[in-house]
Every structure is written in C-alpha cells, then in structure tokens.
A.B. asks: 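Provided herewith is a single structure, encoded as structure tokens, for subsequent inquiry.
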Amino acid sequence: MERYNFKVIEKKWQTFWEKNQTFKSSIKKDKKKFYCLEMFPYPSGKIHMGHVRNYTIGDVLARYKSMQGFNVLHPMGWDSFGMPAENAARQNNLDPKTWTEKNIKTMKNQLKQLGLSVDWNREISTCSDNYYKHQQSFFLELMDKGLVYRKENYVNWDPIDETVLANEQVIDGKGWRSGAVVERKKLNQWFFNITKFSSDLLDGLDKLDKWPNKVKVMQKNWIGKSFGCEINFNLKTNLPVKEIKCFTTRPDTLFGFSFLALSIDHPMSKFFKENEEFIKFKNECAKTGTTEESIANAEKIGFKTDIKAINPLDETKQVPVYFANFVLMDYGFGAVFGCPAHDQRDLDFALKYNLKVLPVVCPPGENDNFKIDTEAYTGPGKIFNSQFLDGLNCPDESILKTIEILEKKKIGKRQINFRLKDWGVSRQRYWGCPIPVAYNNRGEVIKIPKEDLPVKLPENINLDVKGNPLEHQKKWKEVTLHGEKCIRETDTLDTFVDSSWYFLRFCSTENKDEGFNLDDVKYWMPVDQYIGGVEHAILHLLYSRFFMRALGFEKKDFIELEPFEGLFTQGMVCHETYKDSENNWLFPDEVESKDGKEYFKKNNPSAKVKVGSSESMSKSKKNTIDPENIIDNYGADAVRFFILSDSPPEKDIQWSEQGMISSYKFIQKFWSLHKMIINLNLKDDTDRSQEIDTFTNQMIYKITKSLENFHYNVIIANLHEIYNYLSKNLKEIKNKKNLLTNYEKILKIISPILPHLANECLDELNIKERDQWPKVNERFLKKESFNVVIQINGKKRDLMNFNKDINEKDLLLEIKNNVKINKFLKDKEIKKSIYIKNKLINLIV
RNA sequence: GCGGUCAUGCUGAAAUUGGUAGACAGGCACGGUUGAGGGCCGUGUGGACCUAGUCCAUGAGAGUUCGAGUCUCUCUGACCGCACCA
C-alpha cells in the first residue's frame with residue numbers, strides 16, 4: 001500500500017496556494033466580509049506550540065468562512081519592536097534590526113509550513129518605518145486632540161533593564177521581563193489620556209456579547225468604577241493649607257469619622273519634609289516589601305500630625321490627621337476619611353492608635369447598644385448615632401440622602417471615581433517607535449512637522465551603554481525646527497502602542513500616505529473574530545479599544561468604535577517537566593522511559609529523572625517541543641489534527657508524543673481508505689442505499705455547528721467517526737456514484753482542518769471546485785422512525801422503535817405488548833404520562 | 001480580602017442546552033498476526049451484587065420538576081484575575 005507522503009504533498013499544495021494567490025483578499029462590495037485575526041507574534045526566533053495552536057484555530061475558521069462564501073481577510077504580521085531584540089543585539093553585538101529581520105524570515109517560513117490560509121501580501125512589521133511613520137502621525141493627531149500630555153510622575157523603574165514599566169508590566173513587584181525588584185523614580189513622561197474614556201470603555205463592554213465573560217469582568221474590574229462623593233474637610237492648623245478633599249463611597253458613615261489619613265506623597269507632605277520623625281516614618285514605609293501582596297498585607301502604620309480635621313456635619317467634632325502607609329496618592333485625592341466601625345482597614349488602624357470607634361450603622365436585629373469589637377460591620381442596616389441622618393436605610397437610601405445634604409451645604413458633591421490610570425507610553429529604550437517631538441532651548445515641546453515623518457531610528461548604533469542608547473546619539477538628536485535648534489525626544493513608545501492599531505493597518509497596507517483609508521476600514525472593520533491568549537485580556541485589548549476611540553474622537557465620519565466584535569481566548573499548551581538529580585531542568589528529548597513509569601536520562605539508565613507536574617511550555621522550564629521538528633516528522637496536517645484534538649480550544653492542552661503519533665496514524669489510515677475508495681470496482685446504477693446519505697448529512701450538520709462554536713475537539717471526534725463508518729461499511733456500499741458524491745462532501749468538510757490531505761484527495765477525484773461548503777440536505781436528516789425512550793417514574797426501562805410522529809394513544813397500546821415494560825407496570829394504573837414526540841415517554845404509576 | 005471560572009471513568013473529554021450519562025480518543029488488559037520486539041487487526045474496560053438481570057453512579061448536601069451533569073441555594077475543593085481602590 002502506498003504511504004501518504006506528506007512532505008511532497010504538503011509542499012505541493014503550499015506552492016499551489018502561493019502561485020494561485022488563493023488567499024489574496026480585496027474588497028468585494030457584493031460579498032459579506034469576514035475579518036479573521038489572530039494576535040500577531042513577536043519575532044523571538046522560532047515559532048512555539050502556542051503559535052501553532054493559535055494560528056491553527058484561526059486558520060480553521062478562516063478556511064471555513066471562506067468556503068461558506070464570505071470574503072475573508074486573514075492577515076499576518078510581526079509585533080517586532082521591543083526589548084528582547086535590544087538585549088539579544090547587545091549580547092551578540094549586532095543590530096536589533098538584523099536580528100529581528102532574520103527571525104521574521106525564519107518564522108514566516110515555519111508558519112507557511114503549517115499551511116495557513118494567510119494573505120501574505122498584507123504582511124506588516126511594526127519596526128518598519130512604513131508602519132511606524134503612521135503611528136508617529138497618529139501620536140501628533142492625538143496631541144492636537146489633547147489626548148496626549150507630558151507630566152512628571154513616579155514611575156516603576158526597572159533597574160536591570162533601566163526602563164520604565166507600566167503598572168501592568170509589574171508582576172508581584174518585579175519587572176515582567178527582567179524579574180528585578182521595581183523601584184520608584186520620578187521622571188518626565190508622555191501619557192495617553194485613556195481615563196477620558198473610562199466611562200465609555202466600561203459601557204462599551206456591555207455590547208461585546210461575543211467576548212468571553214471572563215475578559216469583560218477583568219476589564220470592568222480594571223476600570224474600577226465607584227460611585228460616591230468628594231468631601232471638603234476644614235482643617236485646624238497653623239499651616240497655610242486650610243482644607244483637604246477626600247473621596248468616599250460611604251458618606252453616610254460620616255458621623256463615625258475618627259481620623260483623616262493622607263498619602264505620604266500628598267501635597268501636605270511638603271510641610272513635613274524637614275521633620276525628622278516624618279522622614280523616619282517615610283523610611284519605615286519604604287521597608288515593607290514591594291510586592292502587591294506584601295503591601296496589601298503589611299501592617300497599617302501612621303504618622304500623627306498636630307493638624308485637626310473638622311467633621312463637616314458636626315463642627316464641634318475634631319479628629320487627628322495622620323500620614324498613613326495604606327493611602328494611595330493616585331486614587332481619589334490621596335486622602336481618606338477614616339470610619340473604623342464600618343471599614344476593616346480603618347478599624348485596624350484605629351485599634352493600633354487607640355482612636356474612637358463609633359458605630360453608625362445598626363445591623364438588622366441589633367439595638368442602640370451595638371458595639372464594634374475587632375471586626376468592622378460593612379453590611380446593611382439603619383443609620384444611628386448620626387443626629388439628622390438617624391433612621392435612614394443603609395446603604396440605598398442613606399448614601400444618596402447624605403450626598404444631597406452635603407451638596408446643599410456646599411461641603412461636597414457626588415462623584416464617580418475610576419481606578420483606571422492614564423497610560424504612560426514613554427520608554428527609555430532604543431528599539432521602539434521614536435516619539436515625534438523635540439525640545440527647543442527653552443524646554444518647550446515642538447512637534448516634528450508631518451512632512452518630516454518618519455522620525456527614523458538611527459541604525460547600527462552602539463548599544464553597549466547605560467540607559468537609553470538614543471541619549472548618546474548626539475548627531476541624531478540635533479534637529480532644526482522653525483529655524484530653531486532643537487533636541488529630539490529620545491523616549492520611544494511602549495510597544496503596546498504598536499499593537500493598538502495594527503488591525504487597522506491590515507485593511508490598508510498599500511496606503512503609503514496614511515495609516516489606513518476610511519473606505520477600507522469601513523468595509524473590513526470590525527475584526528469579526530479575534531483569537532489569542534488570555535494574557536492580553538486587559539492591556540492590549542483595552543488599549544486597542546482606547547485607540548479606536550482616540551482616533552474617532554471629535555471626528556464626525558468614523559467607524560464603529562469597538563475594534564473586535566468577537567474574541568476567543570485559547571488555552572495554553574502544556575507539557576510535563578523534568579529534572580535531574582541535581583534539580584536542573586531537562587528537555588523532553590533528553591529524557592526517556594521504557595515503561596512510562598520510571599524515567600532516565602537518554603542513553604544513561606542509571607541517571608534517574610524526576611517527573612514534575614505538567615505546566616505551560618516555557619523556555620525556563622525546558623518543557624518545550626519544537627514545532628519545526630514535529631512538522632518535519634509528522635507533517636502539518638497531523639500537527640493541526642493533534643493540536644485541535646482532545647481538549648476544547650479554550651482550555652489548556654496536554655502535549656503528548658503518543659497523541660501526536662496517533663494523529664499521524666490517522667492521516668495514514670485515512671489515505672489508505674481513500675485509495676480503497678477510489679479503486680473500488682462498482683457500478684453506478686445499482687442498489688442505491690440512503691444510509692450513507694443520512695450519515696454524510698448528519699456529519700455536515702454536526703461539523704458545521706461545531707465550527708460555529710469553536711467545538712473543534714468534537715470535530716476531531718467526528719473525523720474519527722467518519723473514518724470508522726466508512727471503513728466498516730465500505731463492503732456494503734454498492735453504488736459508486738452515490739459513494740463518491742458523499743465522499744466528496746466529506747472531504748470538503750474535513751478540509752479546514754486537514755487542508756493538504758483533503759485537497760489532494762479531492763484532486764485525485766478530479767474535483768476542481770474544492771472551496772464550496774456542502775449544504776445539509778434536510779431530506780436525509782428526516783428520519784422515518786425513532787428510538788423512543790420508555791421511562792417509568794422517570795427511570796429509563798427500555799428503548800422502542802416507532803414510526804415518526806406516532807400519537808400517544810397508539811404508542812401506549814404498543815407499550816402494553818412489551819413484556820419488559822409490563823413487568824414494571826404490573827397491574828398498576830398509569831396516573832399520568834408525559835410524551836415528547838419522537839424522543840421519550842414517561843409513565844407515572 | 002474582593003471578583004470570576006470550574007468540578008463527569010485510569011486519563012483528555014462528549015452530552016442535540018432540562019429528556020438514553022460517559023460519544024470520540026489515549027492508556028491498560030486479553031486474543032490474533034510475528035522467530036522476538038514494534039507495528040497492525042480484533043475484543044473488553046464506571047462501580048456493586050443475587051451477573052440472561054437489578055441497583056448505585058456526573059465533588060458533598062438540599063430544593064424545583066414527570067424527569068437534573070445541565071436550573072436554584074448551602075458547603076467543600078481546584079484554578080485564574082485584581083489586590084490597602086477609601
């Protein structure tokens with residue numbers, strides 16, 4: 001039997017697609033479009049299994065939609081700016097550009113070997129000046145709209161990478177790349193005013209009904225809307241400041257006010273900067289670890305000032321003002337009013353410093369003697385101990401009523417606060433998009449004129465310097481603008497800016513003058529299905545949503561502001577981990593096992609290997625499988641088949657050599673079956689049985705449905721069923737024409753998953769129209785008889801075959817003749833029967 | 001601490017969305033083919049018992065229903081996200 005030579009056949013079809021420009025996309029106004037996009041890769045060197053999974057999922061969808069008659073846009077590009085290139089270049093003494101371009105070449109080749117239906121004519125790379133010149137132009141546009149600003153700010157400083165990190169890039173107090181403990185530093189930074197759209201970004205989530213709920217919840221929490229009010233507290237002090245503003249969600253507990261706490265960075269702190277005790281306190285605060293968790297769990301400590309704050313609702317009451325380590329400067333006003341009875345954090349603080357704890361919310365079932373011990377009460381109740389607020393229902397009535405009173409007295413006003421902070425986009429790095437501004441000798445910001453764009457990165461520069469290498473480019477920095485000598489901005493843009501609009505660029509890659517043209521994006525956008533890892537749930541996806549709003553801001557004629565209509569987040573690819581006796585990680589191919597129980601180092605049966613838990617593939621744990629080797633050994637179709645099998649795409653998948661081999665075997669088995677089918681010596685005009693038509697149409701129905709819901713693992717099971725059915729029933733099939741008609745449809749429905757194999761088989765059948773999705777013929781789905789479940793008191797007792805739509809009376813008569821059922825019925829009276837046509841009858845006795 | 005998701009054989013998982021639980025695969029066992037191994041083919045594989053059959057089984061417990069893996073509540077456990085957010 002001839003083996004399936006995947007090396008020859010896969011190459012053949014990949015060449016065919018390329019030659020015929022099969023996946024080239026263009027606007028066709030008469031056709032419905034489908035924009036299928038997978039998160040573009042960072043060109044780190046080689047593709048990994050995560051890419052294989054991501055792009056296979058997307059490719060199956062793109063091929064299916066295209067066969068369904070959609071005009072599909074399925075592009076690919078490279079997120080090619082960023083620190084790894086700079087680090088690698090420094091290590092190997094070469095140019096980041098060279099390194100990056102080499103990686104892109106390798107990875108593009110690898111992706112092509114997967115047989116992806118990508119329109120490579122639209123390939124983009126964010127580090128190319130063809131791309132980033134438009135980004136610079138957008139930056140200036142946003143500046144004109146007042147959505148970009150510069151301010152001095154505390155930043156997360158990564159001492160190893162010597163760069164600023166966004167909050168999101170700080171994980172457990174450490175830099176996401178370097179792992180170094182992050183420090184605080186004050187720097188002049190460029191910001192995007194994302195908070196201008198806080199409310200809109202939040203509201204927009206409701207419309208995204210094709211997004212996973214998980215992602216929407218994460219974004220919602222990240223934006224962090226809370227309703228409350230700001231309150232002015234008058235101070236009793238000799239200092240020149242007589243008033244402090246606080247934000248609170250619980251103004252109704254104002255009578256329980258027993259201290260006011262300020263952030264150590266609060267403007268008030270300038271009056272204490274000479275105070276030795278205060279300096280000591282500040283140092284004490286700095287000692288608690290920097291990880292989020294240790295900060296959150298750190299003991300609450302405070303520095304008592306001699307300032308007093310006056311309760312705005314009862315001016316006879318004064319409380320002390322503290323600086324405290326738990327107050328954040330960048331939320332609210334950097335000041336909180338403390339009500340220990342109804343906030344656990346305030347209570348901890350009050351107990352430590354012996355402050356008054358006065359309950360003002362009385363829980364249901366308690367009376368005026370209600371006291372707080374060591375647990376704050378945050379539940380509902382009635383307001384008491386609060387003069388004119390007494391008796392209000394808490395929280396619904398009390399909060400609104402109190403705000404009303406505060407507003408009337410002009411002490412405060414209702415306010416909505418967001419947790420979201422503006423997006424700091426400055427990076428002190430070389431390998432990024434230059435920010436298109438300069439400074440004159442008075443330090444004023446001068447925009448680079450549009451006609452001078454792009455501001456190109458200098459190439460082949462010395463990277464072996466401390467800090468930002470661009471700082472050392474004296475010649476590059478000098479520029480004359482409006483007749484004045486200026487110095488260029490040396491900060492580059494966060495790479496998340498690059499990926500915030502690339503999906504727009506894909507619509508108009510030919511346009512040299514603008515980032516996109518409106519007609520193109522009006523046709524292609526929004527992305528119908530976006531597919532990628534859940535790790536981008538907040539950053540990239542939120543920034544992209546912001547960028548659309550920023551671009552459309554103050555524009556009359558723009559497109560729908562949500563960039564991604566559908567979102568799918570796929571799971572990770574996992575593998576067991578291995579360690580030798582010295583606890584060094586080992587690659588899977590350094591390990592072998594005879595019995596699957598005990599593992600040894602390869603060719604060294606005395607060196608035992610410890611098998612660890614299965615974890616997401618990562619270089620550091622060496623539990624990686626190189627896709628290139630796998631494709632080389634088993635072929636692209638087998639890899640596609642395996643990566644989709646077993647686990648649903650949204651869940652983690654376990655890599656297994658065993659599973660990979662059996663996928664490979666499936667391809668081989670299918671090929672032998674194919675050869676048998678085409679060589680069958682049968683007549684065309686005899687014995688046409690409808691059984692195979694029914695089977696085929698059921699499969700078309702099932703697979704179409706599963707494709708719509710990303711139930712790709714179920715489709716793989718269906719493919720097994722198809723093979724099993726055909727190989728078992730081939731002998732009984734007598735009519736060749738009928739067989740081939742059905743077989744052709746089967747090949748078409750498997751082609752999104754196994755494109756090379758299916759196309760080759762179809763080609764051998766001499767079928768030239770291979771890109772039409774077969775329609776379900778309802779006629780063959782209609783069954784003449786059904787197996788009806790017979791239940792007695794809700795328990796299944798038998799299955800009986802009845803004609804379609806048999807009425808209940810006739811059915812009951814038939815049941816009476818069933819010995820098995822009669823045994824249960826005996827002489828009992830049937831009290832009630834529930835009959836679901838063609839499905840089930842339940843008899844209650 | 002707050003928020004979310006999930007829990008089904010030895011394993012990965014199906015289940016037409018309230019109607020036959022365990023599709024399909026992996027693993028394992030036995031048999032066949034083979035000089036042997038691998039490969040290939042076949043059979044079996046949730047548990048218990050009085051084994052032609054019956055009963056019990058979807059983390060635990062309750063509830064709604066003629067009927068619950070699926071809906072509701074309580075609990076337990078696992079995973080993920082956020083984390084002093086006033």
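Hydrogens, waters and symmetry mates play no part in the numbers below; they use all other heavy atoms, side chains included. Numbers restart at 1 for each chain; the letters A, B, ... are given by sequence-line order, proteins then strands.
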A.B. asks: Assess, by modelled atom type and distance only, whether the side chains of A/Glu808 and A/Ser833 contain a donor and an acceptor separated by less than 3.5 Å.
C.D. replies: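 Yes, a side-chain donor-acceptor pair sits under 3.5 Å.
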A.B. asks: Between A/Tyr331 and A/Asn221, which is nearer to the 5' end of RNA chain B once each is assigned its nearest nucleotide?
C.D. replies: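 Counting from the 5' end, the first nearest nucleotide belongs to A/Asn221.
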A.B. asks: Please report the distance separating the C1' of B/C49 from the corresponding atom of B/C28, rounded so that it comes out in whole Å.
C.D. replies: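 These two C1' atoms come out 25 Å apart once rounded.
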A.B. asks: When syn is taken as a glycosidic angle within 90 degrees of 0, is B/G47 syn or anti?
C.D. replies: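 In terms of base orientation relative to the sugar, B/G47 is anti.
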A.B. asks: If you only use heavy atoms from C-beta on, which nucleotide in B/C66, B/U20, B/C85 is closest to the side chain of A/Ile844?
C.D. replies: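 It is B/C66.
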A.B. asks: Toss me the dot-bracket line for RNA chain B: Watson-Crick and G-U wobble, both under 3.5 Å, 5' to 3', using | for pairs to another strand and [ ] for crossers.
C.D. replies: (((((((..(((......[....)))(((((((.....)))))))((((...))))..(((((..]....))))))))))))....
A.B. asks: Suppose the criterion is salt bridge (Lys or Arg N to Asp or Glu O under 4.0 Å): which pairs have a residue in residues 702-728 of chain A, not counting sequence neighbours?
C.D. replies: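 For residues 702-728 of chain A: A/Lys65-A/Glu708.
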A.B. asks: NA contact type, A/Val327, heavy-atom cut-off 4.0 Å: base, sugar-phosphate, or nothing?
C.D. replies: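 Base contact - A/Val327 has a heavy atom under 4.0 Å of at least one base atom.
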A.B. asks: Considering heavy-atom distances to RNA chain B, does A/Leu840 or A/Ala717 have its closest nucleotide positioned more toward the 5' end?
C.D. replies: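 The residue whose closest nucleotide sits nearer the 5' end is A/Leu840.
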A.B. asks: For the pair A/Lys804 and A/Glu784, find out whether any cationic side-chain nitrogen is under 4.0 Å from an anionic carboxylate oxygen.
C.D. replies: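 Judged by the 4.0 Å cut-off on N to carboxylate O distance, A/Lys804 and A/Glu784 do not form a salt bridge.
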A.B. asks: Could you classify B/U72 for me, syn or anti, using a glycosidic angle within 90° of 0 as syn?
C.D. replies: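 Glycosidic conformation of B/U72: anti.
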A.B. asks: Please tell me whether A/Phe641 and A/His720 form a close aromatic pair, meaning their ring centres lie under 6.0 Å apart.
C.D. replies: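 When the ring centroids of A/Phe641 and A/His720 are compared, they turn out to be within the sub-6.0 Å range.
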A.B. asks: Determine the Euclidean distance between corresponding P atoms of B/A25 and B/A78; express it in Å to zero decimal places.
C.D. replies: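 To the nearest whole Å, 34 Å.
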A.B. asks: Could you work out, with salt bridge (charged side-chain N to carboxylate O under 4.0 Å, His left out) as the rule, every residue matching A/Lys651, not counting sequence neighbours?
C.D. replies: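 For A/Lys651, no residue satisfies salt bridge (charged side-chain N to carboxylate O under 4.0 Å, His left out) once neighbours in sequence are set aside.
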A.B. asks: Rounded to the nearest angstrom, tell me the gap between atom CD1 in A/Ile399 and atom P in B/A86.
C.D. replies: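 So the two atoms are 11 Å apart, to the nearest Å.
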A.B. asks: Report the glycosidic orientation of B/U17: syn if within 90° of 0, anti in every other case.
C.D. replies: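 Because its glycosidic torsion lies within 90° of 0, B/U17 adopts the syn conformation.
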A.B. asks: Could you state the atom-to-atom distance from CZ of A/Phe670 to P of B/A25 in whole Å?
C.D. replies: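 About 14 Å, once rounded to whole Å.
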A.B. asks: What is the distance, rounded to the nearest whole Å, between atom CZ of A/Phe233 and atom C1' of B/A86?
C.D. replies: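 From A/Phe233 CZ to B/A86 C1': 11 Å.
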A.B. asks: Starting from C1' on B/G81, measure out to CD1 on A/Ile223 and report it in whole angstrom.
C.D. replies: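 The answer, rounded to whole Å, is 15 Å.
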A.B. asks: Using only heavy-atom distances, determine whether the side chains of A/Thr696 and A/Gln698 contain a donor-acceptor pair under 3.5 Å.
C.D. replies: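 A/Gln698 and A/Thr696 do not have a side-chain donor-acceptor pair below 3.5 Å.
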A.B. asks: Under 3.5 Å, is there a donor-acceptor pair between the A/Asp422 and A/Thr195 side chains?
C.D. replies: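 Side chains of A/Asp422 and A/Thr195: pair found under 3.5 Å.
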A.B. asks: Show me the donor-acceptor pairs, under 3.5 Å and distance only, between side chains in residues 786-799 of chain A and residues at least two apart or in other chains.
C.D. replies:
{"unit_1": "A/Asn787", "atom_1": "OD1", "unit_2": "A/Asn801", "atom_2": "ND2", "d": "3.0"}
{"unit_1": "A/Asn793", "atom_1": "OD1", "unit_2": "A/Val845", "atom_2": "N", "d": "3.1"}
{"unit_1": "A/Asp798", "atom_1": "OD2", "unit_2": "A/Asn818", "atom_2": "ND2", "d": "3.0"}

A.B. asks: Would you mind building the protein contact string for nucleotides 11-18 of chain B? One character per nucleotide, 5' to 3', B for base within reach (heavy atoms under 4.0 Å), S for sugar-phosphate only, - for untouched.
C.D. replies: -BSS-S--
A.B. asks: Between B/C85 atom P and A/Leu262 atom CG, what is the distance in whole Å?
C.D. replies: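 The distance from CG of A/Leu262 to P of B/C85 comes to 17 Å, rounded to the nearest Å.
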A.B. asks: Take atom C1' in B/G26 and the same atom in B/A14, then report the distance between them in whole Å.
C.D. replies: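 Pairwise C1' distance, B/G26 against B/A14, rounds to 15 Å.
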A.B. asks: Please list, in numerical order, the residues of residues 333-351 of chain A that have a heavy atom closer than 4.0 Å to any atom of RNA chain B.
C.D. replies: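 Hits under 4.0 Å, by residue number: A/Val336, A/Arg345.
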A.B. asks: As a test of reading the structure: which of B/A23, B/C85, B/G3 is closest to the side chain of A/Arg419, going by heavy atoms?
C.D. replies: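 The listed nucleotide nearest to A/Arg419's side chain is B/C85.
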A.B. asks: Indicate, with yes or no, if the rings of A/Tyr725 and A/Tyr723 have centres closer together than 6.0 Å.
C.D. replies: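 So the answer is no for these two rings.
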A.B. asks: Counting only side-chain N and O atoms of A/Arg797, is one of them less than 4.0 Å from OP1 or OP2 of B/C55?
C.D. replies: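 A/Arg797 to B/C55 OP1/OP2: side-chain N or O found under 4.0 Å.
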A.B. asks: What's the gap between B/C6 and B/C10 when it is taken at their P atoms, as a whole Å value?
C.D. replies: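 My reading of the P atoms in B/C6 and B/C10 gives 24 Å.
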A.B. asks: What's the gap between B/C75 and B/C24 when it is taken at their C1' atoms, as a whole Å value?
C.D. replies: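 Between the two C1' atoms, the distance is 35 Å.
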A.B. asks: Under 3.5 Å, is there a donor on one side chain and an acceptor on the other for A/Ser706 and A/Tyr701?
C.D. replies: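 A/Tyr701 and A/Ser706 do not have a side-chain donor-acceptor pair below 3.5 Å.
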A.B. asks: Check every strand shown and say whether A/Lys795 touches a base, only sugar-phosphate, or nothing at a heavy-atom separation below 4.0 Å.
C.D. replies: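 If one applies the 4.0 Å heavy-atom cut-off, A/Lys795 turns out to touch the sugar-phosphate alone, with no base involved.
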A.B. asks: Would you kindly check whether a donor in the side chain of A/Lys300 faces an acceptor in the base of B/C84, or vice versa, at under 3.5 angstrom?
C.D. replies: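 For A/Lys300, whose side chain was compared with the base of B/C84, there is a donor-acceptor pair (under 3.5 Å).
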A.B. asks: Tell me the interatomic distance from A/Ile661, atom CD1, to B/G38, atom P, rounded to whole angstroms.
C.D. replies: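 Roughly 14 Å, once rounded to whole Å.
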A.B. asks: Answer yes or no on whether A/Arg419 is positioned over the face of A/Trp222, meaning its NZ or CZ is under 6.0 Å from the six-membered ring centre and within 45° of the axis.
C.D. replies: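 The answer is yes; both the distance and angle limits are met.
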A.B. asks: Would you indicate which nucleotide in B/G39, B/A23, B/A21 comes nearest to any side-chain atom of A/Lys665?
C.D. replies: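 Of the options given, the side chain of A/Lys665 lies nearest B/G39.
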A.B. asks: Verify the ring-centre separation between A/Tyr543 and A/Phe496: is it less than 6.0 angstrom?
C.D. replies: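 Ring centroids of A/Phe496 and A/Tyr543 are less than 6.0 Å from each other.
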A.B. asks: When the C1' atoms of B/U5 and B/A86 are considered, how many whole Å apart are they?
C.D. replies: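 Those two atoms are separated by 29 Å.
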A.B. asks: Would you find more than 12 non-hydrogen atoms of other residues, nucleotides or ligands less than 6.0 Å from A/Lys669 atom NZ?
C.D. replies: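 Correct, the count exceeds 12.
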A.B. asks: Could you state the atom-to-atom distance from CD1 of A/Ile416 to C1' of B/A86 in whole Å?
C.D. replies: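 A/Ile416 atom CD1 is separated from B/A86 atom C1' by 16 Å.
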A.B. asks: Indicate, with a heavy-atom threshold strictly under 4.0 Å, whether A/Asn793 touches base, sugar-phosphate, or nothing.
C.D. replies: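 Here A/Asn793 touches no strand at all.
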A.B. asks: Whole angstrom is fine here: how far is it from CD1 in A/Ile722 over to P in B/A23?
C.D. replies: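 Atom CD1 in A/Ile722 sits about 18 Å away from atom P in B/A23.
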A.B. asks: Between B/A62 and B/G81, how far apart are the two P atoms, rounded to whole Å?
C.D. replies: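 These two P atoms come out 36 Å apart once rounded.
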A.B. asks: Looking only at side-chain N and O atoms, does A/Lys832 come under 4.0 Å of OP1 or OP2 in B/C66?
C.D. replies: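 So the side-chain polar atoms of A/Lys832 do come within 4.0 Å of the phosphate oxygens OP1 or OP2 of B/C66, strictly under.
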A.B. asks: Provide the distance between the two C1' atoms, one in B/C56 and one in B/G42, to the nearest whole Å.
C.D. replies: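 32 Å, rounded to whole Å.
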A.B. asks: Looking at the rings of A/Phe710 and A/Phe568, which for Trp means the six-membered one, are their centres under 6.0 Å apart?
C.D. replies: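 Ring-ring flag for A/Phe710/A/Phe568: true, centres closer than 6.0 Å.
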A.B. asks: Should A/Ser833 be listed as having a side-chain N or O under 4.0 Å from OP1 or OP2 of B/C66?
C.D. replies: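 No, because none of the side-chain N or O atoms of A/Ser833 sits under 4.0 Å from OP1 or OP2 of B/C66.
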